[in-house]
S.K.: 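First, the structure itself, so that you have it in front of you.
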There are 2 protein chains.
Amino acid sequence: MPSRLIRKLEAFVPLTEAEKTLVSDVERNVRTVAPKTDLITEGDSPENVLLIVEGFACRYKITSEGQRQIMAYLVPGDFCDLHIFILKEMDHSISTLSACKVVEIPRKRVLEMLKTPALATALWSATLVDEATLREWLVNIGTREAPQRIGHLLCELLLRLHVVGLVSEGRFELPITQAEIADTMGLSAIHANRSIQVLREADLITLARGHVVILDFKRLAAFSGFNPNYLHLRNQAEAGIGAIPQNAAISF
Amino acid sequence: MPSRLIRKLEAFVPLTEAEKTLVSDVERNVRTVAPKTDLITEGDSPENVLLIVEGFACRYKITSEGQRQIMAYLVPGDFCDLHIFILKEMDHSISTLSACKVVEIPRKRVLEMLKTPALATALWSATLVDEATLREWLVNIGTREAPQRIGHLLCELLLRLHVVGLVSEGRFELPITQAEIADTMGLSAIHANRSIQVLREADLITLARGHVVILDFKRLAAFSGFNPNYLHLRNQAEAGIGAIPQNAAISF
DNA sequence: CGGTAAGTTGACACTAATCAACTTTCGTGG
DNA sequence: CCACGAAAGTTGATTAGTGTCAACTTACCG
C-alpha cells in the first residue's frame with residue numbers, strides 16, 4: 001500500500017517503481033510527537049525537511065499583540081518547504097495539533113529526490129500547491145464571512161484528505177479544537193462556534209469530537225464559493241464541484 | 001547603475017560581475033503595459049517568467065461572489081513564480097496597477113540563471129521571501145484591525161521599495177487607488193478611506209495623489225505590529241524597527 | 001472646460017468581538 | 001471503574017468594528 005506522500009505525489013504525476021522506492025526509503029525513522037508541540041520554532045535554522053506521516057500539524061505565527069494566526073495545515077503526506085535551508089532563519093513556527101508521526105528528511109535525501117525528473121516535478125508541484133493554498137486562504141479570510149470561511153476550509157480538507165486516503169463517505173478526522181479553527185480563520189472562538197452551528201443547522205456538515213461529516217459537498221461548496229482549481233489535482237473531474245457523488249463514491 | 005532586480009538579489013547574496021551581467025542580459029526587451037491590464041489571466045498556461053521593471057502590478061483573484069482579493073504587489077525587481085511552468089494552468093491572475101515596464105524571461109534563461117550557484121540562491125531567496133510575505137499578509141488580515149493592516153502594508157512597502165532604491169526620505173510613489181488598497185486588505189473602500197484618515201490624524205503618514213510619506217517609521221511599525229524579519233534582508237540591522245533613522249538616512 | 005474617476009462624509013445595518021456564566025466532554029488518578 | 005478537575009463547547013447580552021447606501025467634493029484627463 002502506497003504511503004500518504006506517494007499517493008499525494010501521484011495525484012500530480014505518475015511515478016516509476018524506482019521513484020516510489022526512493023520515497024519509501026525516506027519515510028523510515030518515524031518519530032512520534034505529542035500534540036501541541038513545536039516541531040520548528042521561529043528563529044530556528046533547520047537543516048532538514050520535515051514530513052508529516054500521521055496526524056495534523058500547522059504553520060503559525062504569534063503577533064506582537066499576542067494573537068495566533070494559523071497559516072497552513074500540514075496533513076499526512078505534507079512536508080514543510082523543500083528549500084527551507086536557503087534562508088538563514090525561520091520566520092514562523094510549525095507545531096503539531098494532534099499527536100503526530102513525523103520524519104526528518106536530511107537535506108541530502110531531498111536533493112537526491114529532486115534529481116529524478118518525475119519526482120522533482122511531483123515535489124515542486126506539491127510545493128506550488130501549498131503556495132496556491134496559502135493564496136486561497138488569503139482570499140477566504142479577506143472576502144468571505146465566517147460561516148463561508150469555515151465551509152471553504154472543510155471543502156478543502158475533504159479533497160486534500162481524500163487524495164491521501166483519509167476520507168470515507170464524506171467523513172474524516174479533524175483532531176483540532178474550535179479555538180484552533182478560530183485562529184485559522186481569523187475569528188474569535190465564540191464566533192467560530194456560532195458559525196459552525198450555522199453550517200450544522202443548514203444540514204451541510206456534522207462536526208463533533210474531532211470528527212467531520214460533509215453531508216452535502218455540492219451544496220457546501222456552492223455555499224462557500226469553493227472552487228478546487230487551486231489544488232491542481234490531476235483528476236480535476238473527480239475534484240470538481242458536483243463531480244463527487246455524494247457519500248459512497250468518495251470512499252475507496 | 002544596477003537594475004532594481006540586481007539590487008534586490010544583492011540584498012540576499014553578493015553577486016559576481018559575471019552573474020550581474022547574466023541578469024542584465026535578461027532585462028532587455030522591455031515592454032510597456034497600460035494600467036489595469038492583465039499580464040497573465042487565470043486559466044492561462046504561461047511559458048515565460050514575468051519580471052516587473054517599472055510600475056506596480058498585483059496578483060489577484062475574483063471570487064464567485066464577484067469580490068476581488070489582491071494577494072501580492074509586484075514592484076520593480078519582482079518576478080512571478082520561477083517554476084510557473086510546472087503547473088498546467090494559472091489559478092489566479094496578474095494585472096498591472098499603474099503603467100508598467102515588464103520583461104518576459106524565457107524558461108531557458110531562467111534555468112540558465114539557476115545553474116550559477118549564487119544567483120540560484122538569490123533567486124530562490126526572493127521566491128521564499130515572496131511566500132513569507134504572503135504568509136505575513138494572511139497574519140495581517142487575519143489578526144489586525146483596519147488601520148493597523150494598512151499601516152503594516154505601508155511599512156512593508158517602505159522596506160521593499162527601499163531595497164530597490166525607490167524610497168527617498170521616507171517618501172515613495174504608490175500609484176494605486178484607495179479601492180485597490182481596500183481589495184488588498186479585505187476592507188470596503190469606505191472603511192479603507194477612514195482607516196487612512198486615522199493614520200493621517202495620528203501623524204504617522206501622508207498619502208495623497210499616489211504619493212506616500214512615512215512620517216515616523218518607528219511609531220508606525222509599533223502601531224501596526226510590524227516586524228521585518230519575514231523579508232529576510234541581509235542587513236537586518238538596517239531593516240530593524242527603529243534602526244532606520246528618520247528621513248535622511250533612508251535615502252541614498 | 002466638462003465629464004468621470006477618486007476621495008470624503010454621514011446615517012444606518014450588520015457582522016464579529018468581548019464578557020460572563022454555564023454545560024458537556026475528556027483525561028487522569030484514586 | 002468512578003470521580004474529579006480541566007479543557008472544550010455552548011449560550012445570552014452587550015459593545016466595537018466594518019459594510020452599505022446615498023450624497024457630495026475634489027482631482028484628473030481629454
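Computed over heavy atoms, backbone and side chain alike; hydrogens, waters and symmetry mates excluded. Every chain is numbered from 1, with letters handed out A, B, ... down the list of sequences.
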S.K.: In whole Å, what is the span from the CG atom of Leu207(B) to the P atom of dT26(D)?
M.R.: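 From Leu207(B) CG to dT26(D) P: 19 Å.
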S.K.: Between atom NE2 in His211(B) and atom P in dC28(D), what is the gap in whole Å?
M.R.: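 Whole-Å distance recorded here is 13 Å.
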S.K.: Tell me, do Leu134(B) and Arg135(A) make a side-chain contact under 4.5 Å, heavy atoms counted?
M.R.: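 Side-chain contact under 4.5 Å: yes.
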S.K.: Provide, to the nearest angstrom, the distance between the CZ atom belonging to Arg209(B) and the C1' atom belonging to dC28(D).
M.R.: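 Rounded to the whole Å, the gap is 11 Å.
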S.K.: Please compare Ile190(B) and His191(A) by the position of their nearest nucleotide in DNA chain C and report the one closer to 5'.
M.R.: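 The 5'-side residue here is Ile190(B).
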S.K.: For Gln178(A) and dA7(D), is the shortest distance between a side-chain N/O and OP1 or OP2 below 4.0 Å?
M.R.: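 Checking dA7(D) against Gln178(A), no side-chain N or O comes under 4.0 Å of OP1 or OP2.
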S.K.: Quick one: is dA5(C) close enough that its OP1 or OP2 comes under 4.0 Å of any side-chain N or O from Lys36(B)?
M.R.: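 Indeed not, no polar side-chain atom of Lys36(B) lies that close.
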S.K.: Categorize Thr177(B) for me: base, sugar-phosphate, or nothing, with a 4.0 angstrom heavy-atom threshold over every strand shown.
M.R.: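 Sugar-phosphate: the residue Thr177(B), judged by heavy atoms under 4.0 Å, touches backbone atoms but no base.
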S.K.: What contact category does Gly210(B) fall into here, base, sugar-phosphate, or nothing, at under 4.0 angstrom with non-hydrogen atoms?
M.R.: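 Since no nucleic acid heavy atom lies under 4.0 Å of Gly210(B), the category is nothing.
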S.K.: Whole angstroms only, please: what is the CD-C1' distance between Gln148(A) and dT15(C)?
M.R.: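 Computing the Gln148(A):CD to dT15(C):C1' distance gives 11 Å.
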S.K.: Out of the candidates Asp81(A), Asp38(A), Leu74(A), only one should pair with Ile94(A) under the side chain to side chain contact (heavy atoms under 4.5 Å, CB included) rule; please name it.
M.R.: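 Checked Asp81(A), Asp38(A), Leu74(A) against Ile94(A); only one passes side chain to side chain contact (heavy atoms under 4.5 Å, CB included): Leu74(A).
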S.K.: Determine the contact category for Ala146(B): base if any of its heavy atoms lies under 4.0 Å from a base atom, sugar-phosphate if only primed atoms, P, OP1 or OP2 are that close, otherwise nothing.
M.R.: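 Counting heavy atoms under 4.0 Å across all strands, the contact made by Ala146(B) is with sugar-phosphate only.
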S.K.: Using a heavy-atom cut-off of 4.0 Å across all strands, would you classify Leu187(A) as base, sugar-phosphate, or nothing?
M.R.: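 It contacts sugar-phosphate atoms only.
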S.K.: Are Trp137(A) and Tyr230(A), when compared by the centres of their aromatic rings, separated by less than 6.0 Å?
M.R.: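 No, the ring centres sit 6.0 Å or more apart.
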S.K.: How would you label the contact of Arg194(A) with the nucleic acid (heavy atoms, under 4.0 Å): base, sugar-phosphate, or nothing?
M.R.: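 Base, at least one base atom sits under 4.0 Å.
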S.K.: Judged by each residue's nearest nucleotide on DNA chain C, which is more toward the 5′ side, Ile196(B) or Ala189(A)?
M.R.: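 So the residue in question is Ile196(B).
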S.K.: Should Arg200(A) be listed as having a side-chain N or O under 4.0 Å from OP1 or OP2 of dT10(D)?
M.R.: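 Indeed, a polar side-chain atom of Arg200(A) lies that close.
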S.K.: Is any side-chain N or O of Gln197(B) closer than 4.0 Å to OP1 or OP2 of dG7(C)?
M.R.: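 Answer no for this pair, as no side-chain N or O of Gln197(B) is under 4.0 Å from OP1 or OP2.
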S.K.: Which whole-number value in Å describes the distance from Gln67(B) CD to dT20(D) P?
M.R.: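 Going from CD in Gln67(B) over to P in dT20(D) covers 7 Å.
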S.K.: Taking atom P of dT15(C) as reference, at what distance in whole Å does atom CD1 of Ile141(B) sit?
M.R.: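 The answer, rounded to whole Å, is 20 Å.
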S.K.: Using a strict threshold of under 4.0 Å (side-chain N to carboxylate O), is an ion pair present between Lys61(B) and Glu42(B)?
M.R.: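 No, no charged N to carboxylate O under 4.0 Å.
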S.K.: Starting at CG of Leu97(A) and ending at C1' of dA7(D), how long is that distance when rounded to a whole Å?
M.R.: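 One finds 16 Å between C1' of dA7(D) and CG of Leu97(A), rounded.
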S.K.: Using only side-chain N and O atoms of Asn193(B), determine if any of them is under 4.0 Å from OP1 or OP2 of dG7(C).
M.R.: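 So the side-chain polar atoms of Asn193(B) never come under 4.0 Å of the phosphate oxygens OP1 or OP2 of dG7(C).
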S.K.: Test Asp78(B) against every option in Arg4(B), Arg160(B), Arg7(B) by the salt bridge (Lys or Arg N to Asp or Glu O under 4.0 Å) rule and name the one that passes.
M.R.: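 The residue from Arg4(B), Arg160(B), Arg7(B) that satisfies salt bridge (Lys or Arg N to Asp or Glu O under 4.0 Å) with Asp78(B) turns out to be Arg160(B).
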S.K.: Provide, to the nearest angstrom, the distance between the CD atom belonging to Glu145(A) and the C1' atom belonging to dA13(C).
M.R.: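 Distance, rounded to whole Å: 12 Å.
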